[in-house]
Number of protein chains: 4
Amino acid sequence: MEGNSTVNDGGAGRAAPRKRADARRNERALLDAAAAVFVTSGVEAPVRDIAARAGVGVATIYRHFPTRADLIVAVYRHQVEACAEAGPALLESAASPYDALRRWIDQFVDFLVTKHGLAAVLQSDNAGFDTLHAYFLDRLVPVCSRLLDAAAAAGEIRSDLNALELMRGVGNLCIGADNDPRYDARRMVALLIAGLRPQP
Amino acid sequence: MEGNSTVNDGGAGRAAPRKRADARRNERALLDAAAAVFVTSGVEAPVRDIAARAGVGVATIYRHFPTRADLIVAVYRHQVEACAEAGPALLESAASPYDALRRWIDQFVDFLVTKHGLAAVLQSDNAGFDTLHAYFLDRLVPVCSRLLDAAAAAGEIRSDLNALELMRGVGNLCIGADNDPRYDARRMVALLIAGLRPQP
Amino acid sequence: MEGNSTVNDGGAGRAAPRKRADARRNERALLDAAAAVFVTSGVEAPVRDIAARAGVGVATIYRHFPTRADLIVAVYRHQVEACAEAGPALLESAASPYDALRRWIDQFVDFLVTKHGLAAVLQSDNAGFDTLHAYFLDRLVPVCSRLLDAAAAAGEIRSDLNALELMRGVGNLCIGADNDPRYDARRMVALLIAGLRPQP
Amino acid sequence: MEGNSTVNDGGAGRAAPRKRADARRNERALLDAAAAVFVTSGVEAPVRDIAARAGVGVATIYRHFPTRADLIVAVYRHQVEACAEAGPALLESAASPYDALRRWIDQFVDFLVTKHGLAAVLQSDNAGFDTLHAYFLDRLVPVCSRLLDAAAAAGEIRSDLNALELMRGVGNLCIGADNDPRYDARRMVALLIAGLRPQP
DNA sequence: GATGAATGAGCCTTCATTCAT
DNA sequence: AATGAATGAAGGCTCATTCAT
């Protein structure tokens, strides 16, 4: 929502460490480059490739993002935050809790499907992505959970559902969705969400 | 089920090259070793590890299985065949076409969930796995398609469903299902299958 | 002992460049930090570590001490000067020239043994340490030479001894003396000095 | 004495794993190259340099010598063994135990002085050289100890001497001895050995 | 003057694949 | 046929040194 929440110091931020005329530019270039390279080669892309694309040296990446997970988190922070904030908003504006849930999942899927390889790494059990996983889940699971609860309370869906599991399922369904016209992740997710309905 | 019949000597095996005293033994050792290593380290495990476990030299792997995809296909051929053959059988024995579909999917999921990393590589867009993908789909999509058609004909599920897509969805849902007690792929797949029901 | 008199403003300090309000303070902080880091990580410690410890930027080090050798020299100037000045003093106060020599060597050894890695770098043939070597030798060899001469003149030691060589031998014996309780450099040096005695 | 004791299987060695027509040649090339590079650049020389000089790929080094210490030990094994075996022999052939000790030390010094950088690494407290240190000391300290004991028993030297310490002292004195005509390690060692004599 | 961001060379190590034995 | 030694391309990471602010 508010752009670069982490880097922040946006408006006032007096005490925030200044001196980033170029550093700022580099950080942005790095994020853009990483986003682009991630789309092309996945989030495991060589550090060198990202640096080259950003037009900076490799060490610059390490300075800004000590670990790969830090970089990935930074790259996708915007969307994750936007998604997190969309939950409560939808709950108010949608026709019903179930509808809010459906639309929120749609937004999440839109996000994942357009980021090649992101869904895959989200499921990776590769240690070192722990902080990445933690960030995604910490931020989004509560939101999803609240949507589920509301829909369940309204009797629109079953009540035995687990938000973490659902999110992982949705995430999984998005893997490989770009790049292959024969597979439409949105349709599959729609089936999954339809499956949440109380069974006869 | 039937050894590794498909590996070669397909049906008649007329002019099949002879001389397999030890070659055969090696091939079997290789398959067993690969299966074991795949479970431990995933299907991207170092060639050397597999060779070491099989007690053969690395070059022997390359002789028998020129590409990694060949090896993976060979390793899982049994189960894929078993799964393919189970389709028609279930259609006859199950209470209804939908029930047959459900149980067939269950078997497929059982297979994938117990093979660490297999589901992931099945979705990988990594060129070089093309033959792997082709084999899985060629063999299983028709089976799944027939089950879907039967269930649709019986009015038990929607009729706008695509077997390839469904299989990929199910495969996706199995990614990362081992090794993480917080995620139960079978439950997610059950939701997906439930979503196939005609919507009110 | 006397600040860092040799660093500049040597004797009269006629046209010495002014403006040292903070520059001075930085130089001192740098020397202290370097001394501390040298003890911890040896004289080849990363420039960054020293800068960080001094609370200054790396470039400040380069401004004050263009080469690493310059920094090392500056760090140890005090002790070297003290050692140099102790020679003549000991020659007057000691019981005999040999005793003066022995005690002077003791002081030199005390110095080296307490500076982790200094003895090692003193022997390093690494170009770039030339000025370091030169400084140590220029300053101390004449002193040692005079002590040797006096002892030889008194017939207390052999007369075929070379001060430079002796100092390097003593310096070598001090390498690795810290940090290893199984090796006592002082004892080895004592043997060496004992070996200076006229042989029967 | 018998050349390549570790690689062995020299004469009979039936059960020894064969198949080393070229591997052997490479191992030798590697040892020669390493020895040469060590002389030039010290034992910390880049793996690549050694590989290049040997005319092999880097991985070949890792195959033969998994750690750097393994390589260094292998490179100097010959001389260490020869030195170890020379001890008892000298004790029998020399005019006196002290003379045997002196000549044995001479041999050790000859070895070290001709290997640029070896003496230095022998004193390095760098972890990872532990096995290297262990090898040298395990092999040579007992030999030196016996020579010291014999000389002490004969009343030719003081009896409070420690072999490990003496060897480190001698080793230290050899550091930087090549390459600098102003420093003669042999002369310094001779002083040290002279210092072993019972003091008046 | 001081700062610390950026640079990029350099090193280590792993692994798929080829090839002589 | 089988072997496993050799190869060399990658890729990760560090650190001395320069330079814009």
Side-chain angles (χ1 to χ4, degrees), chain A residues 17-27 29-30 44-52 54-64 66-68 128, chain B residues 19-27 30 44-52 54-64 66-68 128, chain C residues 19-27 30 44-52 54-64 66-68 128, chain D residues 17-27 29-30 44-49 51-52 54-64 66-68:
Chain A
R18 279 325 190 82
K19 190 70 175 308
R20 280 133 148 181
D22 54 337
R24 273 263 205 185
R25 187 169 19 254
N26 270 337
E27 182 156 319
L30 235 18
E44 305 263 35
V47 175
R48 286 232 232 299
D49 291 358
I50 300 168
V56 306
V58 286
T60 301
I61 294 191
Y62 285 98
R63 169 183 293 276
H64 286 278
T67 77
R68 184 178 289 269
Chain B
K19 188 69 174 310
R20 287 124 146 188
D22 54 338
R24 272 260 205 192
R25 189 171 16 255
N26 270 341
E27 185 156 312
L30 236 18
E44 305 264 33
V47 176
R48 283 254 242 291
D49 292 359
I50 301 169
V56 306
V58 286
T60 302
I61 293 189
Y62 284 94
R63 171 179 299 277
H64 286 278
T67 79
R68 184 178 289 267
Chain C
K19 187 70 174 308
R20 285 126 146 184
D22 54 338
R24 272 259 206 194
R25 189 169 19 254
N26 270 341
E27 183 155 315
L30 237 16
E44 305 263 33
V47 176
R48 283 252 242 291
D49 292 359
I50 300 169
V56 304
V58 288
T60 302
I61 294 190
Y62 284 94
R63 170 179 300 276
H64 286 279
T67 77
R68 183 177 288 269
Chain D
R18 278 324 190 82
K19 191 71 175 309
R20 282 133 148 181
D22 54 337
R24 272 261 206 187
R25 188 169 18 254
N26 269 339
E27 181 156 320
L30 236 18
E44 305 262 35
V47 175
R48 287 252 235 292
D49 291 358
V56 305
V58 287
T60 302
I61 294 191
Y62 284 96
R63 169 182 293 275
H64 286 278
T67 78
R68 184 177 288 269

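To find a chain, count down the sequence lines: A is the first, B the second, and so on, and within it residues start at 1. Being a predicted model, the structure only gives us computed values, none of them experimental.
The distance from atom CD1 of A/Ile50 to atom P of F/dC13 is 12 Å, rounded to the nearest whole Å. Between A/Arg63 atom CZ and F/dC19 atom C1' the separation is 13 Å, expressed in whole Å. What separates CD1 of C/Ile61 from C1' of E/dG1 is a distance of 15 Å, to the nearest Å. Rounded to whole Å, the distance from CG on C/Leu30 to C1' on E/dG1 is 13 Å. Rounded to a whole Å, the CZ atom of D/Arg24 is 16 Å from the P atom of E/dT21.
Scanning both residues, C/Arg48 and A/Arg63, for their nearest heavy atoms gives NH2-NH2, 4.2 Å.
Of the side-chain N and O atoms in D/His64, one or more sit less than 4.0 angstrom from OP1 or OP2 of F/dA6. The phosphate of E/dA5 has neither OP1 nor OP2 within less than 4.0 Å of any side-chain N or O from A/Thr60. The phosphate of F/dA2 has OP1 or OP2 within less than 4.0 Å of a side-chain N or O from B/Asn26.
Where pairing requires Watson-Crick or G-U contacts shorter than 3.5 Å, the helical stems of DNA chain F with at least three consecutive pairs are E:2-21 with F:2-21.
Listed by chain and residue number, D/Asn26, D/Leu30, D/Ala51, D/Ala54, D/Thr60 satisfy the side chain to side chain contact (heavy atoms under 4.5 Å, CB included) test with D/Val56 (two or more places apart in sequence, or in another chain).
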Please enumerate all protein N or O atoms sitting under 3.5 Å from an N or O of nucleotides 11-15 of chain E, with distances to 0.1 Å.
residue, atom, partner, partner atom, Å
E/dC12, OP1, D/Arg68, NH2, 2.6
E/dC12, OP2, D/Val47, N, 2.9
E/dC12, N4, D/Arg48, NH1, 3.0
E/dC12, N4, D/Arg48, NH2, 3.2
E/dT13, OP2, D/Tyr62, OH, 2.9
E/dT13, O4, D/Arg48, NH1, 3.4

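At the heavy-atom level, B/Gly128 lies nowhere under 4.0 Å from the strands shown.
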